[in-house]
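Remarks on the structure that follows.
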Amino acid sequence: MTVDVMKEMQFSDAFAYIDDGVEHGVLSPFETKELILKKGEKIAEGFKPLDTDIKMLKDTPVKLRDGVTIYTEIYLPITNDKVPTLIAWSPYGKSAGTAPKYKNLFNMLGMGNQWNSGLTKFEASDPAYWTRHGYAVANPDMRGIAHSEGNTTIFGSQEAQDGYDLIEWIAQQDWSNSKTALTGTSYLAWSQWFIAAERPPHLTAINPTEGLSDAYRDLAFIGGIPDKNFIERLAVNHVSANYAKREDLAKEMDANPLVTAPVRQDKIADTSKIEVPAFVIGSYSNTLHTMGTFRAWRTLGSKDKWLRIHDRQEWPYYYDKNNTEELRRFFDHYLLGKDNGWENTAPVRYTTIGFQGKNETDIPATSFPPAGVNNQPIIVDNVLNQGIKNGYNLKANHYVKNLSQGLSMTALGNGLAFLYSAMNDGQLEKQYRIKIKDLTDNFGNQNIVIAMKRSVDNLLVESIFKKIVTL
């Protein structure tokens, strides 16, 4: 381990790695070697035949800065040219594309498995497609996974440093053009925020497709409520053939429940440090990733960044043929230097959801929310229905058509207006003879912005708010 926060972590035994050539895919038996996968070959039944010859560098060792060795699969096009590399960083098994659990998952979703070659790491890009277009693909087993040495950590600076080291190792290989990119969905997206924030010199671009960016707010304590369900499901992927330990996030929730704990701060990505071009994909409906994806996009330090908001589930979106072709335009521009007009792509493309099923997609904009959006306040009665004391459920007595109507009612003492902070331009208090309060918690996070009649203190609101944030 190389990071100081390790002493704050809680560890448990990793789950056993079943090395039978089935559980973790037909290519999973460990052996460092080079082989040629031939065009027309089927990796396993139910997958599409390879449409190109591929050189596979199997179980390739990579030594990290602290001496730990991890192993990665490298897929290369058959060429003498130096090529860029797409990296899929996650604990999901570098050879697990044909594993029964993933085959069954995609069958359950109605996608089947014919869309990919069987070389595809879960939630990652298909090496058969990308090698055909002049890219290498690296599928690593991260620290502590399968035969990789060390103990597994999840999120944060240790993973980020390990990803940095892999990127810089790839850049030095004789087949590499020294340009790399990170791509993938879910875990493979949120790992990008952390790795890219380390600023590896040879990281050229990123493509986070729906990934949380704050393991406290987006995962462990959503809305301040502890939830171990998904964390415990995620942990079963931490399998080791070396009797490794795994960082136990569920234990850490009990030992360090506050966001101020060092182990918590380590799992909040500082996306303002990311400077490389970023093509970010999000949606409104992913309960795990939506908030973190939008938050990360807003705070990205990249001057060249794009946001596309779709109306589908993350895997059907990511593996859609047309979307893959568009992603290649992005990577071709930055990793192969092709003048293909990518820079003219709208900075934002968003979707509106129709309740009758008539969604409008790829609406171009320069920002998000787009210019012209009129956020509306909600009026509640002066005593907040007293029901706030039972679950703090804010019920609106009146819904207003516009900001002016809401603040006029508030000035007359007919309730409170709950505002977005951006509404307060410094003139509202004088114009409507109201008082605006920005209620923040102990960490400076803005939680509630309210407008009230100027002559009313509404100590009830403040007392309730203080009680909420100290729960």
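One-based numbering along the sequence shown. It should be emphasised that the depicted structure is a prediction, and the values quoted were computed from it without experimental measurement.
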Trp315 and Phe122, any side-chain heavy atoms less than 4.5 Å apart: yes
Donor-acceptor pair, side chain of Glu34 and main chain of Lys55, under 3.5 angstrom: no
Donor-acceptor contact present, side-chain Thr180 to main-chain His202, <3.5 Å: yes
Side chain to side chain, Val259 and Gln265, heavy atoms closer than 4.5 Å: yes
Rounded distance (nearest 0.5 Å) linking atom CG of Asn237 with atom CD1 of Ile145: 7.5 Å
Test side chain to side chain contact (heavy atoms under 4.5 Å, CB included) applied to Thr345 and His333, step by step: CA-CA 12 Å; Thr345 303; His333 184 73; over 6 Å; no
Atom of Ser176, atom of Ala171 and distance for their closest heavy-atom approach: OG-CA, 3.8 Å
Asp20 CG: over 12 foreign heavy atoms closer than 6.0 Å: yes
Ile222 side, atom CD1; Tyr216 side, atom OH - distance, nearest 0.5 Å: 12.0 Å
Atom of Ala244, atom of Gly144 and distance for their closest heavy-atom approach: CB-O, 4.0 Å
Test item: side-chain donor near acceptor, Tyr129 and Glu325, under 3.5 Å: yes
Lys305 side-chain N/O to Trp297 backbone N/O, donor-acceptor pair under 3.5 Å: yes
Interatomic distance, Arg65 atom CZ to Tyr164 atom OH [nearest 0.5 angstrom]: 6.5 Å
Heavy-atom side-chain contact between Thr152 and Ser240 under 4.5 Å: no
NZ/Lys82: more than 12 non-hydrogen atoms of other groups inside 6.0 Å: yes
Contact check, side chains of Tyr334 and Val276, non-hydrogen atoms, under 4.5 Å: no
Nearest heavy-atom neighbours spanning Lys273 and Ala197: CB-O, 3.7 Å
Heavy-atom side-chain contact between Trp175 and Ile170 under 4.5 Å: yes
Minimum heavy-atom distance between Gly211 and Thr293, given as atom pair plus value: N-OG1, 3.0 Å
Salt-bridge present (Lys245, Asp13; N to O < 4.0 Å): yes
Spacing of OG1 belonging to Thr131 relative to CG belonging to Leu37, to within rounding of 0.5 Å: 9.0 Å
Any donor-acceptor N or O pair under 3.5 Å, side chains Asp270, Ser272: yes
Over 12 foreign heavy atoms within 6.0 Å of NZ, Lys7: yes
Value rounded to 0.5 Å, distance of OG1 in Thr299 from CZ in Phe294: 13.0 Å
Reference residue Arg295; test side-chain hydrogen bond (donor to acceptor under 3.5 Å, both in side chains); the match among Thr271, Asp218, Thr290: Asp218
Under 3.5 Å side-chain donor-acceptor pair for Asp332 and Tyr135: yes
Residues, nucleotides or ligands: over 12 heavy atoms within 6.0 Å of Met291 CE: no
Set of salt bridge (charged side-chain N to carboxylate O under 4.0 Å, His left out) partners for Arg298, sequence neighbours left out: none
Lys101 backbone acceptor or donor facing Asn104 side chain under 3.5 Å: no
More than 12 heavy atoms from other groups under 6.0 Å of CD on Glu45: no
Residues Gln158 and Asp162: side-chain donor-acceptor under 3.5 angstrom: yes
Side-chain donor-acceptor pair present, Ser186, His289, cut-off under 3.5 Å: yes
Main-chain N/O of Phe230 paired with Asp227 side-chain donor or acceptor, under 3.5 Å: no
Presence of salt bridge, Lys94 and Asp59, under 4.0 angstrom: yes
N/O donor-acceptor pair under 3.5 Å between Lys228 side chain and Met253 backbone: no
Phe279 vs Trp306, ring pair (Phe, Tyr, Trp, His ring centres under 6.0 Å): CA-CA, chis, key distance, verdict: CA-CA 5 Å; Phe279 182 22; Trp306 289 266; 7.4 Å; no
N-O pairing of Arg143 and Asp66 below 4.0 Å: yes
Any Thr120 side-chain heavy atom under 4.5 Å of Pro127 side chain: yes
Evaluation steps, side chain to side chain contact (heavy atoms under 4.5 Å, CB included), between Asn139 and Tyr75: CA-CA 8 Å; Asn139 289 346; Tyr75 299 94; 3.8 Å; yes
Check: Gln161 main-chain N/O paired with Glu198 side-chain donor or acceptor under 3.5 Å: no
Polar contact flag, side-chain donor to acceptor under 3.5 angstrom, Ser117-Asp126: yes
For Tyr17, all residues meeting ring-ring contact (aromatic ring centres under 6.0 Å, His included), sequence neighbours excluded: His24, His147
Pairwise side-chain contact, Ile70 with Asp165, heavy-atom cut-off 4.5 Å (strictly under): no
Distance (rounded to the nearest 0.5 Å) between Ile154 CD1 and His238 NE2: 4.0 Å
Arg132 side chain to Leu50 backbone, donor-acceptor under 3.5 Å: no
Pro140 side chain reached by Val62 side chain, heavy atoms, under 4.5 Å: no
Under 3.5 Å side-chain donor-acceptor pair for Ser191 and Glu159: no
Tyr102 ring center within less than 6.0 Å of Phe106 ring center: no
Residue from Thr352, Asn359, Thr351 passing side-chain hydrogen bond (donor to acceptor under 3.5 Å, both in side chains) with Asp311: Asn359
Main-chain N/O of Leu86 paired with Trp130 side-chain donor or acceptor, under 3.5 Å: no
Pair Glu326 + Arg308, salt bridge at N-O below 4.0 Å: yes
Side chain to side chain contact (heavy atoms under 4.5 Å, CB included) evaluation trace for Leu300 with Val280: CA-CA 10 Å; Leu300 271 176; Val280 180; 4.0 Å; yes
Thr72 side chain to Ala138 backbone, donor-acceptor under 3.5 Å: no
Considering all heavy atoms, the nearest Gln192-Pro208 contact: OE1-N, 3.2 Å
Flag for Glu314-Thr209: side-chain donor and acceptor within less than 3.5 Å: no
Ring geometry between Phe155 and Trp190 (parallel below 30°, tilted from 30 to 60°, perpendicular above 60°): tilted
Nearest heavy atoms of Val348 and Thr366, plus distance in Å: CG2-C, 4.2 Å
